[in-house]
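Any value given below was found using the heavy atoms of this structure, including those in side chains, with hydrogens, waters and symmetry copies removed.
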Amino acid sequence: MKMRMLGKTGLKVSEIGLGAWQLANTQWGMDGCDEEEAVRIVAAAIECGCNFFDTAPGYSLGNSERLLGKALGEGGKRDAAVLCTKFGHDATGKTDWSAGALRPSVEASLTRLRTDRLDVLLLHNPKREILEGDQGAELRGECEKLRQEGKLVSYGASVDSSRELERIINWPGAMAAEILFNCFHQEPRLAFARAEARGVGLIVKVPLDSGFLSGKYDAVSKFAGVRERWSAEIVAKRGRLIEKLKGMLPVGMTMSEMALKFVLAHGEVSTVIPGGKSVEQVRENCRASGQRLDAATVAAIRALWEKELATEPLPW
């Protein structure tokens, strides 16, 4: 596993991290793994050299943090791990952006994660007024207090667009940002160079487009649960684009590997956090850290986005 620096945090992170949203998660129609398998998934990630783990209080109503804390604690791996969690949506499903809710949320996350510090705390997809306004400034002030107390190493936000990423870059204390970026969603790349220049480490979420870029779905796939958000027309368009991407696959490479390697081809990215519903999925994802995707394939994927999606983006 290759490592990269997470902006100016001083933290060195694995190129492939683990997105822990799926750990024992049955929300939104998810068929999440059981708790024993969740612990095995974390252990497999560690065995593959992964040290970056992304979670949130709202993932599986606190179970994701709890199981991650259990797996790292029982394995004696906490000190080697870089833990990222979030604020804004709590373990009961409630949303609360008040500054007074931040410290209790952090304390609860620390308890579930069995640790005395968070390496990264992100505001969890905040609205524009929080990214820009006085309420956001108050929240960042509370983050700074917690950082000075040693309960946080760094803070930032999880967002979806280059415009939102630019706002985080402009925060005086921001050192990290989580951004939606993949073969189908390349618009955020517009702000990558600025993030790197300001020392804001980039954590890439949804790199496999909720499973579509794994290659296991096509234009006529049917979905239940959270993926029901896609209309038949959107599924058909995704399927058509997947076929074009399959035509770009280097010999011996899976779709998942190509999609993850495409993200890692952007040097501004610190780590990418695919989820994993099984040990084998985690191992396959981690294999993407290695030989780089060739420049011609990177250029072809960028050109496909420019032609097909730049002006008519897909809903994720």
Side-chain angles (χ1 to χ4, degrees), residues 17-30 32-33 35 38 42 52-73 78 81-147 149-160 164 168 171 173-174 176-180 203 205-206 210 225-226 229 273 275:
L18 179 67
W21 180 69
Q22 298 187 73
L23 296 184
N25 195 347
T26 57
Q27 293 174 279
W28 307 295
M30 287 281 293
C33 59
E35 295 199 1
V42 176
F52 188 87
F53 300 91
D54 175 86
T55 184
Y59 293 175
S60 191
L61 301 178
N63 282 321
S64 174
E65 287 185 326
R66 180 178 60 81
L67 290 168
L68 194 52
K70 177 182 179 181
L72 293 173
R78 170 59 188 105
V82 177
L83 281 176
C84 172
T85 193
K86 304 179 185 73
F87 165 76
H89 312 292
D90 69 19
T92 70
K94 179 182 177 184
T95 297
D96 188 347
W97 290 107
S98 66
L102 193 146
R103 183 177 291 268
S105 177
V106 166
E107 296 287 0
S109 289
L110 290 171
T111 297
R112 286 188 291 267
L113 288 164
R114 302 189 189 184
T115 187
D116 61 356
R117 74 183 188 284
L118 301 176
D119 298 298
V120 184
L121 179 71
L122 302 172
L123 305 189
H124 199 171
N125 282 85
K127 295 180 179 179
R128 177 176 177 175
E129 54 267 29
I130 294 173
L131 283 171
E132 293 183 341
D134 292 341
Q135 187 177 1
E138 191 175 359
L139 284 169
R140 296 194 299 275
E142 290 300 309
C143 287
E144 188 60 33
K145 290 177 185 177
L146 290 165
R147 190 186 68 80
E149 293 170 18
K151 294 185 177 182
L152 303 181
V153 175
S154 62
Y155 57 89
S158 176
V159 294
D160 298 339
E164 292 171 320
I168 301 168
W171 293 355
E178 192 167 290
I179 185 70
L180 173 63
I203 304 155
K205 62 182 178 179
V206 202
S210 296
V226 67
R229 66 185 186 272
I273 52 168

Let's go through Asp54 and Tyr59 carefully: what are the C-alpha distance in whole Å and the side-chain angles of both, what is the deciding distance for side-chain contact (heavy atoms from CB on, under 4.5 Å) to 0.1 Å, and is it a yes or a no? CA-CA 10 Å; Asp54 175 86; Tyr59 293 175; 4.1 Å; yes
Does some side-chain heavy atom of Asp116 sit less than 4.5 Å from a side-chain heavy atom of Leu110? no
Taking side chain to side chain donor-acceptor pair (under 3.5 Å) as the criterion, tell me which of Thr85, Thr111, Thr55 meets it with Glu65. Thr85
Looking at Arg117 and Gly150, what are the two nearest heavy atoms and their distance? CB-O, 3.6 Å
Pair Ser158-His124, side-chain donor/acceptor within less than 3.5 Å: no
Got a second to check how far Glu129's CD is from Asp134's CG, nearest 0.5 Å? 11.5 Å
Hey, what do you get for CG (Leu139) to CD (Glu144), rounding to the nearest 0.5 Å? 13.5 Å
Under the 3.5 angstrom rule, does the side chain of Trp171 hit a backbone N or O of Leu131 as a donor-acceptor pair? yes
Here the pair of heavy atoms bringing Glu178 nearest to Cys84 is OE1-SG, 4.3 Å
Can you tell me how far apart CZ (Arg140) and CD1 (Ile130) are? Round to the nearest 0.5 Å. 10.5 Å
Any side-chain heavy-atom pair of Gln135 and Pro126 under 4.5 Å: no
Separation of Phe87 CZ from Leu118 CG (nearest 0.5 Å): 13.0 Å
Nearest heavy-atom approach of Ser64 to Ala20 is OG-O, 2.7 Å
State the CG-CG distance between Leu67 and Leu113, to the nearest 0.5 angstrom. 10.5 Å
Val42 vs Leu18 side-chain heavy atoms within contact, under 4.5 Å: yes
OG (Ser105) and NZ (Lys86) are apart, to the nearest 0.5 Å, by 11.5 Å
Is the closest side-chain heavy-atom distance between Arg114 and Leu72 below 4.5 Å? no
Asp119 and Ala81: which non-hydrogen atoms are nearest, and at how many Å? OD2-O, 3.5 Å
Does Lys205 reach the main-chain N or O of Val159 with its side chain, forming a donor-acceptor pair under 3.5 Å? yes
Can you confirm whether Glu164 sits close enough to Ile179 that some side-chain heavy atom of one is under 4.5 Å from a side-chain heavy atom of the other? no
Closest contact, heavy atoms only, Leu122 versus Ala176: CD2-O, 4.1 Å
With side-chain contact (heavy atoms from CB on, under 4.5 Å) as the criterion, how do Arg112 and Leu68 come out once you've worked through the C-alpha distance, each side chain's angles and the decisive distance to 0.1 Å? CA-CA 8 Å; Arg112 286 188 291 267; Leu68 194 52; over 6 Å; no
Would you name the heavy atoms of Ile168 and Ala174 that are closest together and state the gap between them? O-CB, 3.4 Å
Any heavy-atom pair between the side chains of Ser60 and Arg66 that's under 4.5 Å? no
